[in-house]
A.B. asks: 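Mind having a look at this structure? Questions to follow.
No hydrogens, no waters, no symmetry mates; every other heavy atom, side chains included, goes into these values. For clarity, every value in this text was computed on a predicted model and none was experimentally measured. Each ligand, and each atom within it, is numbered from 1 in the order the structure gives.
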Amino acid sequence: MLINETRHSYRHFMETEVSTELQRLSQLLQQSWKMVRTPRMKTVLKVQNVACDAMRDYLKSEDFIELLPPIIGPVTDPGIRGAKQVTFDYYGREYKVMSSAILYKQAAMSGLGKIFFMSPNIRLEPLDSTLTGRHLTEFVQLDLEIAEANYFDAMSVAEKLLCEAVNVVRDSCAKELEELGRRIPAISPPFKKLTYDEALEYLRRVGLKVRYGVEIPWYGEHLLSKLVGEPFFIIDYPRGARGFYDREDDNRPGILRDFDLIYPEGFGEAASGAEREFRYERVLARMRENGEDPRKYAWYLEMLREGIPPSAGFGIGVERLTRFLCGLDSVIEARLCPKVAGIHSP
Ligand code: ASN
C-alpha cells in the first residue's frame with residue numbers, strides 16, 4: 001500500500017513538476033558514489049568528523065552516556081511533520097524503521113539519567129522537500145535526553161553544544177573552512193527565545209501568514225533564520241503542532257513546553273526538543289487526540305504506567321549542522337550517497 005501510494009505520487013510529481021533543477025539533481029545523485037572522491041566532499045566530511053567528536057567530547061564531559069541507537073521497533077515517532085514512516089514486515093508483524101528514537105530515549109534515560117545516541121533516522125519526506133537543501137530521507141541526529149530536567153535545561157545544553165561544535169571547528173579546521181570560503185558567524189549563549197506567537201507575529205509583519213496552531217513551515221523558519229541574524233529558539237508551540245510526547249504546560253493549557261533551535265543566515269532549523277509528557281493518563285489522552293492507536297504503543301504505555309522520571313531532550317541533525325558549519329547550499333553534500341524525496345539513487 002505504502003509503496004504503491006509513493007509510486008503514484010512520484011509519477012505525478014515527475015509528470016507535472018519536473019524542472020531542470022530536479023533533473024540536474026537526479027542526474028548528480030545517480031552517481032552519488034563519485035561525490036565522495038571530490039576534494040570538496042573530503043573537506044566537508046573532515047569538518048563533520050571534528051564537529052561530531054567535539055559534541056561527543058562535550059557530552060561525555062557532562063556525564064552523558066552514549067548508547068548504540070535502536071533502528072527498528074513496533075512503533076516510532078509519529079511527530080514528523082508531514083513525512084511518512086517506513087513500515088515493514090517483521091516476522092508477521094508490522095514494524096517501523098526509526099523516524100526518531102524518542103520513545104527509546106525515554107526508556108534509556110529512565111535507567112541511565114543522561115543519554116545520547118547518534119541515531120540514523122528514515123523519514124519519507126514529501127516530494128516538495130526535494131530541492132529545499134534541508135531535507136534528506138535518510139539522516140542522522142544526535143538525539144539526547146536528560147532525566148529530571150525541564151525544557152530550559154535542555155535549551156541550555158543545546159546552546160552550549162552548538163557553541164562547542166562551532167568553536168572547536170573554528171580552531172581545528174581553519175584550513176578546511178578557508179577552502180570552503182566559509183566564515184562561521186560568532187555565536188555565544190544564551191540564545192534569544194521567541195515564543196511561537198511572537199514568531200508568527202514576526203512573520204505576519206514581513207508578509208507571511210501562518211495559521212495559528214500548525215507547525216511553522218520550513219520557508220517560514222528560513223525567513224526567520226535570515227532576519228534574526230543569530231541562532232535563536234522558538235518556544236511554546238501550541239498543542240496539536242507536535243507529537244504526544246511534548247509536555248503541555250499545566251498552567252497554560254494548550255501550550256507545549258517545547259522548542260526548535262534555528263540557525264542564522266537562512267540555514268533554518270538546527271534542533272528540536274521538549275520537556276516530556278510522562279504521565280500515563282495524559283499521554284493516552286494526547287494519543288487519542290492525535291488519532292494514534294494506543295494499542296500499537298503497548299510497551300511504551302506499560303513503561304509509563306509503571307512510571308518513569310520527568311525528562312527533557314532534543315535532537316540536532318548532523319547533516320544540517322554540517323551544512324551550517326561549512327556554509328553549504330544543500331545537505332546532500334554532507335553525507336555519503338544522500339537520499340532525497342522522490343529520487344531513486346544509490
Ligand atoms: N529528537 C526530537 C526530540 O527529542 C524528536 C524528533 O526528532 N522529532 O524531541
Side-chain angles (χ1 to χ4, degrees), residues 55 59 64 66-67 69-71 73 75-86 96-110 112 114-126 129 134-147 149-159 161-162 196 214-216 218 221 233-248 256-262 268-278 283 286-287 290 292 297 300 308-321 331:
M55 292 194 293
L59 291 175
F64 280 81
E66 179 172 7
L67 298 175
I71 310 284
V75 278
T76 187
D77 182 357
I80 51 174
R81 311 174 195 186
K84 283 188 185 157
Q85 300 175 345
V86 171
K96 307 280 186 183
V97 181
M98 284 305 112
S99 52
S100 100
I102 172 70
L103 310 178
Y104 292 102
K105 284 203 299 181
Q106 286 176 274
M109 93 44 218
S110 74
L112 299 168
K114 293 160 93 175
I115 59 96
F116 73 99
F117 310 121
M118 284 291 190
S119 184
N121 294 162
I122 306 283
R123 298 180 186 179
L124 300 180
E125 295 288 352
S129 73
R134 305 181 50 224
H135 293 90
L136 292 168
T137 51
E138 177 182 51
F139 68 99
V140 171
Q141 62 175 320
L142 189 165
D143 218 359
L144 67 77
E145 196 71 15
I146 314 161
N150 64 31
Y151 71 147
F152 290 102
D153 301 323
M155 282 188 272
S156 164
V157 173
E159 58 197 9
L161 194 65
L162 180 58
Y196 172 86
V214 300
E215 186 61 52
I216 298 176
W218 69 266
E221 282 175 353
F233 292 103
I234 303 177
I235 64 170
D236 297 349
Y237 285 77
R239 196 178 74 207
R242 294 285 159 111
F244 57 76
Y245 44 81
D246 282 12
R247 184 170 180 172
E248 186 174 3
L256 302 176
R257 293 170 67 83
D258 63 0
F259 62 89
D260 274 4
L261 171 59
I262 313 288
E269 182 191 315
S272 163
E275 207 166 306
R276 309 303 174 191
E277 185 51 84
F278 63 100
V283 169
R286 292 276 299 282
M287 279 182 175
N290 288 4
E292 295 290 329
Y297 293 85
Y300 180 69
I308 58 168
S311 67
F314 64 87
I316 178 164
V318 173
E319 294 86 350
R320 288 180 178 180
L321 172 65
V331 281

A.B. asks: Do Arg81 and Asp260 sit within salt-bridge range, that is, some charged N less than 4.0 Å from a carboxylate O?
C.D. replies: yes
A.B. asks: Does Asp77 come within less than 4.0 Å of ligand 1, judged by its heavy atoms?
C.D. replies: yes
A.B. asks: For ligand 1, which part of Arg123 has a heavy atom less than 4.0 Å away: the side chain, the backbone, both, or neither?
C.D. replies: side chain
A.B. asks: Heavy-atom contacts with Gly273 under 4.0 Å: which atoms of ligand 1 show up? List them by number with element.
C.D. replies: 9 (O)
A.B. asks: Keeping Asn290 on the side-chain end and Glu292 on the backbone end, is there a donor-acceptor pair under 3.5 Å?
C.D. replies: no
A.B. asks: Hey, does Arg81 sit under 4.0 Å from ligand 1 if you only count heavy atoms?
C.D. replies: no
A.B. asks: What atoms in ligand 1 come closer than 4.0 Å to a heavy atom of Asp143?
C.D. replies: 1 (N), 4 (O)
A.B. asks: Which atoms of ligand 1 have any heavy atom of Ser100 under 4.0 Å away?
C.D. replies: 5 (C), 6 (C), 7 (O)
A.B. asks: Give a yes or no answer on whether the side chain of Arg320 reaches the backbone of Gln141 with a donor-acceptor pair at less than 3.5 Å.
C.D. replies: no
A.B. asks: Show your working on salt bridge (charged side-chain N to carboxylate O under 4.0 Å, His left out) between Glu277 and Arg239 and close with a plain yes or no.
C.D. replies: CA-CA 12 Å; Glu277 185 51 84; Arg239 196 178 74 207; over 6 Å; no
A.B. asks: Taking 4.0 angstrom as the limit and counting only heavy atoms of Tyr245, give me the atoms of ligand 1 inside it, by number and element.
C.D. replies: 8 (N)
A.B. asks: Taking the six-membered ring for Trp, are the ring centroids of Phe244 and Tyr297 within less than 6.0 Å of each other?
C.D. replies: yes
A.B. asks: Counting heavy atoms only, which part of Lys105 comes closer than 4.0 Å to ligand 1: side chain, backbone, both or neither?
C.D. replies: side chain
A.B. asks: Just distances here: any N/O of Gln141 and N/O of ligand 1 closer than 3.5 Å?
C.D. replies: yes
A.B. asks: For ligand 1, indicate whether the residue Ser272 contacts it via side chain, backbone, both or neither (heavy-atom separation under 4.0 Å).
C.D. replies: backbone
A.B. asks: Is Gln106 close enough to touch ligand 1? Criterion: a residue heavy atom under 4.0 Å from a ligand atom.
C.D. replies: no
A.B. asks: So, are Arg257 and Asp246 salt-bridged, with charged N and O less than 4.0 Å apart?
C.D. replies: no
A.B. asks: Flag the pair Glu319 and Arg134 as a salt bridge only when some basic side-chain nitrogen lies within less than 4.0 angstrom of an acidic carboxylate oxygen.
C.D. replies: no
A.B. asks: Check if Arg276 has a non-hydrogen atom at a distance under 4.0 Å from any atom of ligand 1.
C.D. replies: yes
A.B. asks: What orientation do Tyr196 and Tyr237 show, parallel under 30°, tilted 30 to 60°, or perpendicular over 60°?
C.D. replies: tilted
